[in-house]
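Down below is the structure, laid out as structure tokens.
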Amino acid sequence: MATATESAHAALHARHLAVAPDWLATYYARPIELTHGEGRHVWDAEGTRYLDFFGGILTTMTAHALPEVTAAVTEQAGKILHSSTLYLSRQAVELAERIARLSGIPDARVFFTTSGTEANDTALLLATTYRRSNQVLALRNSYHGRSFTSIGITGNTAWSPTSLSPLQTLYVHGGVRSRGPYAHLTDAQFTAACVADLEDILGQANGTVAALIAEPVQGVGGFTSGPDGLLAAFKEVLDRHGILWITDEVQTGWGRTGDNFWGWQAHSGSGTPDILTFAKGVGNGMSMGGVVARAEVMNCLGANSISTFGGSPITTAAALANLGYLIDHDLQGNARRVGGLLKSRLTAITAGLGIVREVRGRGLMLGVELVEPGTDTPSAAAASAVLEAAREHGLLIGKGGLAGNVLRIAPPLSLTVAEAEEGAEALEAALKQAQAELEGGTAQ
């Protein structure tokens, strides 16, 4: 028999369906409302506690209800919430100074936005204006946002509802290592083949190409990536043609991959990117994104431009507190250590499971690719079954991949070893339950 709170969940979902677009997806057969959180845990409207291994799509970067961020937001809310970029903002200047230093880009300028989509839109505006071309290179299987422009460079067709675009996009290999025509090659051979593909694409381009935009680790694409150094090899080709390199760090930034503060730093053999985009975790849930570019590129716009909400007093106050906490507590190092333990644990528990094809990723950005039991065929049904079962076992995870068959695991970077073990145990139970369901049996 349904409880009153369960009925309230269902009632809220019915209201949601009545006013929201049909294409606005929610997780779970019975969607849940999250009402509060603390640390690495959240609670729903029924009072059920969950270990959060997705962080609102990699956005709650440090912890839920982090006292330092809460205090900064509360203090700023008592002063002024909004002013726009028409007025000076001490917090925005301080945050821009810090991000410029951290970016690794020389003579960097920073522009704040409200989202990763808007950040990538701005990067495309800069690159196409600077190069006087609307031709853009992107990786297959990529995702860069939900706006009209960013959809035009999204190689993941599951997230691309239209073929119309103001851009001419040329897609190259390199985003997926373990599937596709180059999967059988060694890392060195894979890189060489992707570089040859890039050269071939450029030979077919109609004149000037503005930029290559690439996620160092593809997020929505299922936490896939090419070998370390691939983008550095690409940059050698780009530099010969004067083409800009845009690194989309919306999901990989701020130390999430553990080994590096930025994802591009795994590919740094040939220097730094020309443009870097960021968002998600920097505000720990506040609506914050931005673009970093060398001054020559950032300053190429000849028309007026402002931002009403980008870099607002309250979002920059939150981001300053959040970034300070992350660095002071070495959460990048924690992501490397605890993420390494979690990946090893996941590799061990999935070794004998026929629905698991691969465990991949680095730091606290891990993917588990699922297939039809005992085959190499991607299984979205398996991912959906595990997502549901994990929630039953008190664990929230995400999913992605071109076929919707990859579990996405990205907890707050303050995750403890005990919590990593707790999550691994819950995921093991969920995987076994889902495999038994798919095979028509009963979980052991």
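Scanning both residues, Leu438 and Ile355, for their nearest heavy atoms gives CD1-CG2, 4.2 Å. Closest heavy-atom contact between Ala127 and Ala211: CB-CB, 3.8 Å. When all heavy atoms of Ala108 and Ser103 are compared, the pair lying nearest together is CB-OG, 4.1 Å. Residues Thr191 and Ala233 come closest through the heavy atom pair CG2-CB, 3.8 Å. For the pair Glu358 and Ser178, the tightest heavy-atom approach, listed with the atom from each and the gap, is OE1-OG, 2.9 Å. Residue Ile397 comes nearest to Ala390 through the heavy atom pair CD1-CB, 4.1 Å, listed as atom of the first residue, atom of the second, then distance.
Within the cation-pi definition used here (under 6.0 Å to the ring centroid, within 45° of the axis), Arg391 qualifies as a partner of Tyr28.
Using a distance-only test at 3.5 Å, with no hydrogens or angles considered, no donor-acceptor pair links the side chain of Gln76 to the main chain of Ala317. Between the Glu215 side chain and the Gly219 main chain, a donor and an acceptor come within less than 3.5 Å of each other. Remark: side-chain polar atoms of Thr277 are not paired, donor with acceptor, to backbone N or O of Val291 under 3.5 angstrom. With hydrogens and angles ignored, the 3.5 Å screen pairs no side-chain donor or acceptor of Lys235 with any backbone N or O of Pro273. Within the 3.5 Å criterion, the main-chain N or O of Gly221 finds no donor-acceptor partner in the side chain of Arg408. Remark: the backbone N or O of Gly229 is paired with a side-chain donor or acceptor of His267 at under 3.5 angstrom. A donor-acceptor pair under 3.5 Å is formed between the side chain of Thr154 and the backbone N or O of Ser150. Between the side chain of Thr113 and the backbone N or O of Gly310, no donor-acceptor pair lies under 3.5 Å. A donor-acceptor pair is defined here as one N or O able to donate and one able to accept, closer than 3.5 Å; no such pair exists between the side chain of Glu421 and the backbone of Ala418. In this structure, the side chain of Asn299 engages the main chain of Ala295 through a donor-acceptor pair within 3.5 Å.
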>> Evaluate His173 against Phe190 for ring pair (Phe, Tyr, Trp, His ring centres under 6.0 Å), listing each step before the verdict.
In response: CA-CA 10 Å; His173 285 286; Phe190 182 96; 8.2 Å; no
> Are Leu396 and Leu51 close enough, and set up right, to give a side-chain contact (heavy atoms from CB on, under 4.5 Å), and what steps lead you there?
Replying inline: CA-CA 6 Å; Leu396 302 185; Leu51 179 59; over 6 Å; no
> Can Arg146 and Asp121 be said to form a salt bridge (charged side-chain N to carboxylate O under 4.0 Å, His left out), step by step?
Replying inline: CA-CA 10 Å; Arg146 52 152 299 276; Asp121 267 351; over 6 Å; no
>> Working note: Met288 + Phe112, criterion side-chain contact (heavy atoms from CB on, under 4.5 Å); need CA distance, chi angles, decisive distance, verdict.
In response: CA-CA 7 Å; Met288 163 68 71; Phe112 292 115; 3.7 Å; yes
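Val368 has its side chain out of reach of Arg357: every pair of non-hydrogen atoms, C-beta onward, lies at least 4.5 Å apart. Between Leu395 and Leu427 there is a side-chain heavy-atom pair separated by less than 4.5 Å. Contact of the Leu407 side chain with the Leu431 side chain is registered, since non-hydrogen atoms from C-beta on lie closer than 4.5 Å. Counting heavy atoms from C-beta on, the side chains of Leu402 and Asn156 come closer than 4.5 Å. Side-chain atoms of Pro313 and Ser83, non-hydrogen and from C-beta on, do get closer than 4.5 Å to each other. Pro166 places a side-chain heavy atom less than 4.5 Å from the side chain of Phe148. Here the side chains of Glu68 and Asn284 are not in contact, with every heavy-atom distance at 4.5 Å or above. Here the side chains of Thr247 and Ile213 are not in contact, with every heavy-atom distance at 4.5 Å or above.
Remark: Ile57 CD1 is loosely packed, at most 12 non-hydrogen atoms of other residues, nucleotides or ligands lying under 6.0 Å away. The environment of Ile306 atom CD1 is dense: over 12 non-hydrogen atoms of other residues, nucleotides or ligands sit within 6.0 angstrom. Counted within 6.0 Å of CH2 on Trp159, heavy atoms from surrounding residues, nucleotides or ligands total 12 or fewer; the atom is thus considered open. Heavy atoms of other residues, nucleotides or ligands lying less than 6.0 angstrom from OH of Tyr27 number more than 12. Within 6.0 Å of the CD atom in Glu94, the count of heavy atoms belonging to other residues, nucleotides or ligands exceeds 12.
Checking Gln433 against Glu392 by side-chain atom types alone, a donor-acceptor pair falls below 3.5 Å. In this structure, a donor-acceptor pair under 3.5 Å is absent between the side chains of Arg40 and His64. Counted by atom type alone, Ser379 and Asn405 present zero donor-acceptor pairs between their side chains at under 3.5 Å. For the 3.5 Å distance criterion, the side chains of Thr316 and Arg90 fail to qualify, holding no donor opposite an acceptor. Side-chain polar atoms of Asn134 and Thr128 form no donor-acceptor pair below 3.5 angstrom. Neither side chain, His9 nor Glu33, offers a donor N or O lying under 3.5 Å from an acceptor on the other. Using a 3.5 Å distance cut-off with no hydrogens or angles, the side chains of Asp52 and His41 do not pair a donor with an acceptor. Side chains of Thr224 and Arg360: no donor on one and acceptor on the other come within 3.5 Å. Glu118 and Ser115 share no side-chain donor-acceptor pair at under 3.5 Å. With 3.5 Å as the limit, one finds a donor-acceptor pair spanning the side chains of Tyr130 and Glu296.
A salt bridge is defined here as a Lys NZ or Arg NE, NH1 or NH2 lying under 4.0 Å from an Asp or Glu carboxylate O, and Lys79 with Glu75 meets this definition. Residues Asp259 and Arg336 are not paired through a salt bridge, judged by the lack of any N-O separation under 4.0 Å between the basic side chain and the carboxylate. Between Lys432 and Glu428 there is a salt bridge, since at least one side-chain N of the basic residue sits less than 4.0 Å from a carboxylate O of the acidic one. Ion pairing between a basic and an acidic side chain is recognised when a charged N comes within 4.0 Å of a carboxylate O; Asp44 and Arg49 show no such pairing.
Relative ring orientation between Trp264 and Trp245 is described as perpendicular, the plane-to-plane angle rising above 60° on a 0-90° scale split at 30° and 60°.
The CG atom of Leu231 lies 7.0 Å from the CG atom of Leu139; values are rounded to the nearest 0.5 Å. Summarising the geometry, atom CZ belonging to Arg131 is positioned 14.0 Å from atom CG belonging to Leu126; distances are rounded to the nearest 0.5 Å. The CD1 atom of Ile105 sits 7.5 Å away from atom CG of Asp274, with the distance rounded to the nearest 0.5 Å. Residue Ser312 holds its OG atom at 9.0 Å from CD of Gln91, rounded to the nearest 0.5 Å. Interatomic distance, Thr35 OG1 to Glu46 CD, rounded to the nearest 0.5 Å: 10.5 Å. Separating the CG atom in Leu238 from the CG atom in Leu137 is a distance of 7.0 Å, to the nearest 0.5 Å.
Side-chain rings of Trp262 and Phe278 stay apart, their centers remaining 6.0 Å or farther from each other.
Checked against ring pair (Phe, Tyr, Trp, His ring centres under 6.0 Å), Phe53 has no partners two or more places apart in sequence or in another chain. Looking at residues two or more places apart in sequence or on another chain, you find a ring pair (Phe, Tyr, Trp, His ring centres under 6.0 Å) between His329 and Tyr325.
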